[in-house]
Structure formats: C-alpha cells, structure tokens
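Only one structure is covered here, and it is reproduced in the block below.
In what follows, every heavy atom counts, from backbone to side chain, and hydrogens, waters and symmetry copies are set aside. To find a chain, count down the sequence lines: A is the first, B the second, and so on, and within it residues start at 1.
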There are 2 protein chains.
Amino acid sequence: MAASRTGPNMTQIAKAVGVSSATVSNALSGKGRVSPELVEKIRAKAAELGYVPSSAGRALRTGRSNVLGLVLPDISNPLFPQIAQAMESAASDAGYGVLIADSRGDVTTQTQAIARLIERGVDGLVVIPRRGTRIGSVSCPVAMVDTPSTPGNTVSADHWEGGAQLARHLLDLGHRKFLFVGHDRASNVQNDRIGGMKSALGNDVSHETIWIEPMLRRQGDDASLGLLGHVTSGVTAIAAVSDLHALRVLTELQTAGIKVPEQVSVTGFDDLVFAPVVTPSLTTVHMDMTRIAQIAIAALTKEIEGPRTTTVTNTGEIDTPEIDHKNGATVQQTVKADTSKVSMKLMVRASSGPAASPDTQARMEKLYNGD
Amino acid sequence: MAASRTGPNMTQIAKAVGVSSATVSNALSGKGRVSPELVEKIRAKAAELGYVPSSAGRALRTGRSNVLGLVLPDISNPLFPQIAQAMESAASDAGYGVLIADSRGDVTTQTQAIARLIERGVDGLVVIPRRGTRIGSVSCPVAMVDTPSTPGNTVSADHWEGGAQLARHLLDLGHRKFLFVGHDRASNVQNDRIGGMKSALGNDVSHETIWIEPMLRRQGDDASLGLLGHVTSGVTAIAAVSDLHALRVLTELQTAGIKVPEQVSVTGFDDLVFAPVVTPSLTTVHMDMTRIAQIAIAALTKEIEGPRTTTVTNTGEIDTPEIDHKNGATVQQTVKADTSKVSMKLMVRASSGPAASPDTQARMEKLYNGD
DNA sequence: GAACACTGATTAAACGATTAATCACGTCAT
DNA sequence: ATGACGTGATTAATCGTTTAATCAGTGTTC
C-alpha cells in the first residue's frame with residue numbers, strides 16, 4: 001500500500017529529456033541557469049506527460065505548504081459565505097489554498113481547531129475570533145479579523161464609522177427617536193456598530209438599546225421583541241446590528257400591521273443575501289469583504305515570505321523593509337502592516353424613509369388599532 | 001531561507017531517548033513491535049518536547065495528504081454554511097482536513113478549482129455541482145452531492161420525498177389551490193422538490209408554477225412577483241423551493257397587507273438560519289446535512305483507504321468486501337456504496353395554517369381592499 | 001598564454017516520516 | 001547442543017522537490 005501517485009515526477013521528465021532532475025526543477029521554476037531552448041523542451045515534455053508537481057515533496061523541502069487556515073467562530077453565521085468566498089479568492093490569487101476550521105462558537109473548540117490546522121502544516125492563519133477571544137501564541141503568522149478596537153486586530157471593517165454613516169442617514173430623514181437592537185452585549189463588532197451610531201446622534205435625539213440574546217434565553221426562541229410598545233411610545237427608527245435581526249424586526253412589525261418604512265424605518269448591517277430581496281428591501285451597511293480579505297492575506301503572505309522565520313526568536317528589529325519588489329502580482333494596494341480598517345458602504349434601500357411626524361403616526365396608529 | 005520548522009522531529013526524539021527513529025515512529029503509531037515501557041518513554045518525551053508530526057514528510061512517504069477538497073458551486077449560497085460545517089466536522093472526525101474551492105457559479109471556474117485542489121494533493125473530492133454538471137474524470141475519488149436523480153450522485157437529501165411530505169402537510173390543512181415558486185428551471189434540486197410536491201397532489205388540486213430568475217432578468221432585481229393576482233384568483237398555499245424565495249414571498253404578501261397564514265400559507269425549503277426567527281416563523285423542510293456529510297465522507301474515505309488505488313485502471317470487480325473492520329470509530333451506520341438518499345424532515349412552523357374557505361377569503365379580501 | 005569570469009549544466013545532500021528487511025538475543029523443543 | 005522461533009530493536013531505502021556546491025567549457029583580459 002505504498003504511495004499511489006499517478007503522474008510522472010521530475011526524474012521521469014529528466015530521463016525523458018536527457019538531463020538531470022535539478023535542471024528540470026530549475027527550468028520549471030525559472031530559478032537557476034538553464035538555456036532557453038532547454039527550458040522550452042522541458043516545459044513541453046512536462047506538459048506532454050501531464051506533470052503535476054508533488055506538493056508534499058515541495059512542502060517537505062521548502063518547509064512551506066502554501067496553505068492557510070481559516071478559523072471561523074461559527075460557520076452557521078450567515079455572513080460566513082461572504083468571508084469564505086473572499087478569503088478563498090484572495091488566497092488563491094496569492095497562490096495559497098484555504099483549509100477551514102469551525103470553532104462552533106466555543107473557545108475550547110477554537111483552540112483545538114487551531115491546533116489541528118497547525119498540525120496540518122498551514123503557513124498562516126486567518127482567525128475571525130469568537131467574541132474578541134485572544135489567541136494564544138501559535139507557531140505561525142496570524143491575521144485577526146475582528147474590529148479595530150480589538151487588540152491584535154489586523155484588518156476589519158470600520159464598524160464604528162459604518163454605524164455613524166447609517167445614523168446620519170436616518171437623522172437626515174428626520175428621525176429623532178431611535179431603537180437599537182443588538183444580539184449580544186459581549187460582541188465587539190456589535191458594540192462598535194452601536195457606538196458608532198450613537199456617536200453620530202445629537203443631544204436632541206433619544207435612543208434606547210435592547211439585546212435579543214438574553215430575551216430569547218428567558219422567553220424561548222420564538223419570543224416577541226415587544227416592538228409594538230416602542231413604536232407606540234414614539235420610536236420611528238429601529239436599527240439592528242445585523243440584517244438577520246433587522247429581518248426579525250421587519251417581519252414582526254409587518255405582522256403587527258405596522259407599515260415599513262411609512263411608520264417605522266428599519267435598518268440592518270452586513271448586506272446579507274436576503275437584504276435586497278425582501279419587501280421592503282433592507283437598508284443596510286455593506287462590508288467590502290473582498291478588500292478585507294486581500295489585506296488580511298497580503299499581511300499574512302508578507303510575514304510568511306518575509307525574513308522573520310519563526311515565532312519570536314529574534315529580539316531586535318521588527319522592520320521588514322526590503323521585500324516589496326517580489327509580489328507585484330496580486331494586491332496592488334499598500335497594506336498597512338499593523339492594523340487597518342476598511343470603510344463600510346451604506347446601502348440605502350426601501351426600508352428606511354422619512355420619519356413620520358408624531359401627528360401622522362398617531363393617526364395611523366388609530367387607524368390600525370381602532371380598526 | 002531553508003525550512004522554518006519549529007518543533008523537533010523524530011530523529012531528535014530518538015536521540016533524546018536513545019533509540020532509532022524507526023522505533024519512535026513505531027511507538028507513536030503503534031504499528032511495529034516496541035516494548036510497552038519504551039512506548040511510554042517515547043510518548044512522554046514527545047509530549048515533553050512538544051512534538052508535532054510533519055504532515056509534509058508523512059504525505060510524501062505515504063502518498064496521502066489526509067486532506068479532502070470541497071468544491072462548492074457558489075459560496076454565496078445561504079445553504080453553504082450548513083454544508084461546510086457538516087463536511088468539516090465529518091471530515092475532521094475521520095482524520096481529514098477540508099480545503100475549500102469556490103466555483104463562483106461558473107463551470108470553467110469549477111474545473112480550474114478542481115485542478116487546483118488536485119495539485120494541492122487532496123486525497124478525494126466532495127463536489128456539490130453547479131446545476132448537475134458532470135465532472136470530468138479526475139485522478140482521485142469523488143463524492144457528488146446533488147440529487148438522487150442526478151447520474152453519478154453519491155448521496156443527497158431526498159428532495160422529492162421532502163416535497164411530497166410538505167405537500168401532504170398542506171393538503172391536510174385543506175389547501176386545494178397551490179402556487180409553486182421556483183428560481184431556475186435548470187436546477188435538478190428544484191425540479192425534484194417541485195416534482196415531489198406535485199406527485200402528492202390529487203386530481204382535485206390545481207397548481208401553477210412560476211420561476212423567479214427569468215422574471216428578474218426581464219424586470220430587474222426588485223421586480224414584484226405579482227403574488228396578489230394569484231391570491232385573488234384563489235391560491236391559498238404558496239410553496240417556494242427555498243427559504244430565500246419563501247422569504248421574498250412572505251414579505252411581499254405582508255407588505256400587500258395579506259395575512260400569513262390566515263389568508264395564505266407560505267412554505268420554503270432548507271431551514272435556513274432565518275426561517276425560525278421571522279414572523280410568522282417559516283414552515284420548511286430540513287436537510288440532515290450532518291448525515292449527508294457523514295455518508296459522503298465515509299464513501300470517500302472507504303475508497304481512499306480501500307484497494308482501488310487510482311482511477312479506473314482495473315476493469316473487473318467493483319466490490320470491496322474486506323475493509324469494514326478497521327473503521328469502527330466514527331460513522332456507525334452502514335453506508336450504501338453506490339448512491340443513497342437521506343430523508344428530509346418537515347418543520348411545521350407558523351407560516352402554514354388551515355386553508356381559508358373561499359367565503360372567508362372573499363370576506364377578508366373585501367375587508368382589506370375596501371377598507 | 002595564464003588567470004579569470006561567466007554560462008549552462010550536474011552532483012549530492014537535505015527535508016521528515018514510514019517500512020521492508022535485517023539483526024541480535026533469549027527461549028524452547030528435539 | 002543445535003536449529004527453529006519469537007521478540008524487540010535497528011538499518012537503510014524511499015517518497016519528490018529544492019538548492020548549495022561543483023564542474024566542464026567558452027570567452028575575455030592584461
């Protein structure tokens with residue numbers, strides 16, 4: 001039950017062409033000194049035989065697998081498809097494969113998942129941490145994607161500024177009484193988003209925040225959020241920290257007979273796949289995952305291909321100046337080494353509209369309640 | 001810039017304990033003949049030094065990478081998280097890692113993605129094909145996950161039977177006029193689901209099918225589905241082929257002031273993450289992805305670890321009888337070698353209810369239209 | 001014309017784990 | 001006592017690629 005390799009290897013090509021295997025290696029990689037004609041001949045023979053380099057052999061020799069690990073907090077997160085797609089694409093462009101690991105929302109599992117990836121020999125990790133978990137020291141470069149306010153973050157969307165944009169949009173529409181809907185107090189992302197929204201509000205604006213997760217835990221998964229009460233007391237804008245929760249809000253309001261956006265505006269975050277297809281389509285804030293992924297991958301590959309070989313062995317300089325000439329291929333943008341944030345994009349759709357005046361509101365309410 | 005391995009290797013352990021590296025290998029793998037005391041000593045030393053086996057070295061020698069490739073039609077598919085999670089989990093239990101590849105909905109890209117995975121040395125592939133694409137011959141075992149009616153399918157949910165279950169549920173509630181909402185005529189999955197639903201209907205039941213994708217192409221992405229017309233003409237049950245489309249239907253109806261499920265029942269498929277959290281919560285049909293993944297992975301690992309080493313070299317027997325004693329670890333259920341289907345589970349929630357009688361319906365309609 | 005540089009190729013040694021073949025040694029039966 | 005056998009370990013080859021070191025030529029230069 002030995003190695004079940006199918007195709008030919010370098011030695012076979014070498015024999016077929018009549019040269020040494022080193023020459024084949026040099027010809028195919030373009031590294032050593034090989035005459036142009038020979039390069040062409042070797043290329044042709046390799047193609048003819050359907051040669052596929054053995055990643056195992058290469059990995060063993062070079063010490064690099066050209067595979068990155070993607071550690072996800074909870075794959076069932078609806079934002080995950082976007083993340084995975086963007087990361088896979090960026091990694092693929094940079095010549096890397098992506099090995100996934102799901103931490104199922106659990107910190108212990110996350111640690112195990114990371115360990116498994118390391119054992120598989122990944123060259124680096126992209127970690128989207130569970131609720132701002134710190135990652136213990138690992139033996140390979142790590143890029144964290146969380147929020148700018150998380151220590152150790154490498155790159156992320158500027159959730160705060162995205163929140164501010166959204167709030168300004170709602171302010172412009174005349175809204176002065178806000179309800180923020182969060183899921184989980186411990187989430188850095190959610191706190192940033194709500195913080196950003198609050199920061200844009202003036203003194204004449206009132207706001208309140210409710211958290212879904214504790215409500216569900218107390219009252220069961222199908223608990224009502226009691227939005228009707230808030231609407232009756234004058235709230236005209238409900239901003240959820242995710243489209244998923246915005247959807248919950250939207251349908252709860254619609255079932256209660258409240259018109260969106262005529263009576264209440266509803267907004268979300270993330271621009272999930274369903275945001276444009278619901279009625280009314282959801283005003284939300286879009287993350288440029290493609291760019292985030294590019295930056296994360298670029299930061300990682302730079303560190304992998306750069307000088308600092310292992311963990312923290314060398315104490316001295318941290319600067320890595322002379323390595324930007326070789327990767328003129330994929331990501332052109334400058335990549336801030338330390339931590340960078342990518343701005344979000346407001347997507348104005350149909351679920352946000354002018355604030356109803358208190359009069360209008362009272363009238364409509366009467367219409368619906370008193371039949 | 002040589003290999004940047006961090007930890008110790010077998011030779012170092014061997015030296016530290018005072019034995020040969022072969023003994024270390026045997027001790028850690030439990031394969032050769034090593035005295036129990038020595039095994040313990042080697043184990044201890046390995047743990048002490050923090051030994052992590054080199055997957056590259058092992059892969060090179062054994063010819064197996066212990067990595068599987070997961071080829072997805074379109075990562076942005078909202079069902080993908082479930083798939084990826086289930087596959088990762090099943091693969092991980094079987095000792096395999098999962099390398100992802102996105103084909104971005106394109107057949108050419110899919111071929112390239114598969115090629116990249118092969119180059120990375122995957123031991124097998126799980127392919128969720130784009131619209132029943134046939135996979136060209138590849139040099140490693142492949143498990144296809146599509147529909148039972150697709151040739152070459154390995155395992156899938158029994159979409160047909162799931163559709164039948166759902167239709168029976170709606171029939172039991174008294175519905176006699178159905179509207180099916182599909183997205184794309186070319187999808188095997190969607191055809192199976194609709195076919196299954198139709199198969200359960202009797203002669204006294206009328207039904208019609210609309211397809212979203214052509215409508216969007218003609219009228220733009222925010223096109224209305226014109227559901228109001230169907231409802232006016234007596235449809236009481238609208239069954240979409242996916243929760244995503246069911247959500248579209250639901251919110252369009254709600255916006256039009258039609259009560260769900262009082263006037264119209266709405267159902268979906270897939271039990272996507274938002275299905276339980278919208279109001280009314282969505283009646284849908286759940287896929288047992290965990291089981292599907294287990295079967296797919298088991299089929300794959302069986303073929304990988306089994307006798308048939310490469311592609312189609314041997315013409316004779318396809319039976320592989322004597323290899324079921326060694327995998328008594330993870331998946332206990334018997335795995336049908338050829339093609340197997342996993343039954344779906346009806347999730348009855350709030351969006352489906354008793355059919356309104358024609359009278360009731362007319363009355364409610366009057367109430368809403370004539371105010 | 002001899003030292004020298006340059007070019008285009010080869011040699012051989014890794015990388016780390018696995019494993020068939022072998023060996024030393026003690027036990028046991030004949 | 002001698003050959004057979006079993007046990008616990010070692011030896012050495014192998015997987016396929018990369019690369020530093022080396023080498024044989026061919027011009028070049030003073």
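The CZ atom of R64(B) sits 18 Å away from the C1' atom of dG16(D) (whole-angstrom rounding). Atom CD in E119(B) sits roughly 15 Å away from atom C1' in dG16(D) (whole-Å rounding). In this structure, E37(A) atom CD and dT7(C) atom P are separated by 15 Å, rounded to whole Å. One interatomic measurement links the two molecules: CG of L28(B) to P of dT19(C), which rounds to 13 Å at whole-angstrom precision. One atom, CG of L60(B), and another, P of dT19(C), lie 13 Å apart when rounded to the nearest Å. For M10(B) and dA12(D), the CE to C1' distance is 16 Å, given to the nearest whole Å. At whole-Å resolution of the value, CG in L38(B) and P in dG8(D) are 11 Å apart. K15(B) has its NZ atom 13 Å from the P atom of dA17(C), to the nearest Å.
In this structure, T154(B) contributes its side chain and V145(B) its backbone to no donor-acceptor pair below 3.5 Å.
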Point to revise | CA sep, side-chain torsions, deciding dist, call: S20(A), T23(A), side chain to side chain donor-acceptor pair (under 3.5 Å) | key: CA-CA 5 Å; S20(A) 74; T23(A) 303; 3.1 Å; yes
Practice item. Check the pair R58(B) / S65(B) against side chain to side chain donor-acceptor pair (under 3.5 Å), numbers first and verdict last. Key: CA-CA 8 Å; R58(B) 178 177 291 162; S65(B) 60; over 6 Å; no
Check your understanding: Does the pair D123(B) and V67(B) meet the rule for a side chain to side chain contact (heavy atoms under 4.5 Å, CB included), with working shown?
Key -> CA-CA 6 Å; D123(B) 293 336; V67(B) 170; 5.8 Å; no
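Nearest to the side chain of S54(A), among dA17(C), dT18(C), dG16(D), sits dG16(D). When distances are taken from the side chain of T23(A) to each of dG16(C), dT19(D), dA9(C), the shortest belongs to dA9(C). When distances run from any side-chain atom of N26(A) to the nucleotides dT19(D), dT10(D), dG8(C), the shortest one goes to dT19(D).
Donor-acceptor pairing under 3.5 Å, judged by distance alone, is present between the side chain of R61(B) and the base of dT14(D).
In plain terms, the two heavy atoms of I304(A) and G124(A) that are nearest each other are CD1-N, 4.1 Å.
Looking at heavy-atom distances under 4.0 Å, R58(B) makes contact with sugar-phosphate atoms alone, never a base. Among the atoms of the strands shown, none is found under 4.0 Å from any heavy atom of V24(B). Across all strands, S35(B) comes closer than 4.0 Å only to sugar-phosphate atoms, never to a base (heavy-atom distances).
Considering only side-chain N and O atoms, K31(A) lies under 4.0 angstrom from the phosphate OP1 or OP2 of dT19(D). Between S25(B) and dT18(C), a side-chain N or O to OP1/OP2 separation shorter than 4.0 Å is present.
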